[in-house]
Amino acid sequence: MTGGVVDLEQKFGGFSDHWRPRVAAQLNGQDVRLVKVQGVFPWHSHADAEEMFLVWKGRFRVEFRDRVETLGPGQFIVVPRGVEHRTAADEEAEVMIFEPSEVINTGDAPTSDFTAPPGQTI
């Protein structure tokens, strides 16, 4: 995971499950995570971390209590720390997530089938 070129097409082709982020790289205490999404993720927040979502393929929504932001390929959004949100995609989308390595994907939501094992790499 260090010092080499990362081929996103190849990395995303290496897994098929949804809502299970894989760490593709690490830098300065941050993970670059790749995730395939489809359906609706639970409402949650991260008290101590911002998250950046960058869409690689497909359409992806970040829903807040007061609005919905829809993103397409090449677009990104930063969710501020402590802000409740959920993510969703009507059809499969591929998304890169930038966040601190210790962040659990479901944040303050109860542990569920959506809670990914930490540190899975690709």
Side-chain angles (χ1 to χ4, degrees):
M1 271 199 309
T2 59
V5 173
V6 175
D7 183 316
L8 291 175
E9 194 75 39
Q10 178 187 33
K11 294 293 186 182
F12 275 113
F15 64 99
S16 60
D17 52 346
H18 296 132
W19 306 114
R20 292 283 188 245
R22 304 303 202 286
V23 178
Q26 294 180 308
L27 63 155
N28 301 316
Q30 300 277 317
D31 283 351
V32 177
R33 299 176 182 181
L34 307 181
V35 66
K36 290 185 178 185
V37 299
Q38 187 171 11
V40 179
F41 198 77
W43 286 101
H44 68 284
S45 65
H46 303 278
D48 298 320
E50 291 88 14
E51 291 180 289
M52 180 182 149
F53 297 97
L54 171 65
V55 178
W56 169 250
K57 287 187 179 176
R59 306 283 298 162
F60 177 72
R61 291 189 313 276
V62 179
E63 301 178 358
F64 300 94
R65 292 295 185 178
D66 63 345
R67 72 186 191 287
V68 175
E69 300 288 355
T70 302
L71 294 85
Q75 295 182 309
F76 73 86
I77 189 169
V78 175
V79 177
R81 68 185 66 209
V83 174
E84 191 175 32
H85 63 286
R86 70 179 183 183
T87 53
D90 295 330
E91 297 182 17
E92 186 177 80
E94 296 176 351
V95 178
M96 297 175 66
I97 306 169
F98 300 84
E99 62 193 350
S101 297
E102 67 274 3
V103 167
I104 302 298
N105 68 324
T106 49
D108 62 357
T111 300
S112 70
D113 290 340
F114 287 97
T115 307
Q120 282 191 302
T121 61
I122 183 124

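Quantities reported herein were computed from a predicted structural model and do not represent experimental measurements.
In this structure, Trp19 and Phe114 have perpendicular ring planes: the angle between them is above 60°, well past the 30° mark. Relative orientation of the His44 and His46 rings is perpendicular, given thresholds of 30° and 60° on the angle between their planes.
Counting only residues at least two apart or in different chains, ring pair (Phe, Tyr, Trp, His ring centres under 6.0 Å) contacts with residues 62-82 are absent.
Contact check for Ile122 versus Phe12: no side-chain heavy atoms found under the 4.5 Å cut-off. Residues Ser45 and Val83 are not in side-chain contact: their nearest non-hydrogen atoms beyond the backbone lie 4.5 Å or more apart. Looking at Glu94 and Leu34, their side chains never come closer than 4.5 Å, going by heavy atoms from C-beta outward. In this structure, the side chains of Phe60 and Gln75 stay at 4.5 Å or more apart for every pair of heavy atoms. Here the side chains of Arg61 and Asp90 are in contact, with some heavy-atom distance below 4.5 Å.
Of all heavy-atom pairs between Glu63 and Ala88, the closest is OE2-CB, 4.0 Å. For the pair Arg86 and Phe41, the tightest heavy-atom approach, listed with the atom from each and the gap, is CB-O, 3.2 Å. Summarising the geometry of Ala49 relative to Val103, their closest heavy-atom pair is CB-CG2, 3.6 Å, with the distance given to 0.1 Å. Minimum heavy-atom separation, Val78 to Glu50: CG1-CB, 4.1 Å. Scanning all heavy atoms of the two residues, the minimum distance from Gln30 to Ser101 falls at C-OG, 3.7 Å.
Among the candidates Gln38, His18, Arg59, the single residue satisfying the side-chain hydrogen bond (donor to acceptor under 3.5 Å, both in side chains) test with Glu92 is His18. Considering Thr87, Leu71, Val37 in turn, Val37 is the only one that fulfils the side-chain contact (heavy atoms from CB on, under 4.5 Å) rule with Val95.
Counting heavy atoms of neighbouring residues, nucleotides and ligands inside a 6.0 Å radius, atom CG of Asp66 exceeds 12 of them. The local environment of CG in Asp48 is sparse, with at most 12 non-hydrogen atoms from other residues, nucleotides or ligands closer than 6.0 Å. Within 6.0 Å of atom CG in Asp17, more than 12 heavy atoms from other residues, nucleotides or ligands are found, so the atom counts as buried in its surroundings.
Under the 4.5 angstrom side-chain criterion for Ile, Leu, Val, Met, Phe, Trp and Tyr, Val68 has no cluster partners at all.
Annotation: side chain to side chain donor-acceptor pair (under 3.5 Å) contacts of Gln10 (sequence neighbours excluded): none.
Expressed to the nearest 0.5 Å, how far CZ of Arg33 lies from CG of Leu54 amounts to 15.5 Å. Once rounded to the nearest 0.5 Å, the distance linking CD of Glu69 with NE2 of His85 reads 13.0 Å. Atoms CD and CZ, on Glu99 and Phe53 in that order, are 6.5 Å from each other to the nearest 0.5 Å. With rounding to the nearest 0.5 angstrom, the CG atom of Asp31 is 11.5 Å from the CE atom of Met96.
Within the cation-pi definition used here (under 6.0 Å to the ring centroid, within 45° of the axis), Arg20 does not qualify as a partner of Phe15.
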Exercise. List the steps and the verdict of side-chain contact (heavy atoms from CB on, under 4.5 Å) for Asn105 and Thr115.
Key: CA-CA 6 Å; Asn105 68 324; Thr115 307; 4.2 Å; yes
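Looking at Glu91 and Lys57, no side-chain N of the basic residue comes within less than 4.0 Å of a carboxylate O on the acidic one, giving no salt bridge.
Placement of Leu8 and Phe98 within a single hydrophobic cluster is found when ILVMFWY residues are connected by side-chain heavy-atom separations under 4.5 Å, directly or transitively. Cluster annotation: Ile97 is not connected to Met52 through the hydrophobic network of ILVMFWY side chains, with a link wherever side-chain heavy atoms come within less than 4.5 Å. Note: the hydrophobic cluster containing Val35 also contains Val62 (ILVMFWY, side chain heavy atoms under 4.5 Å, direct or indirect links).
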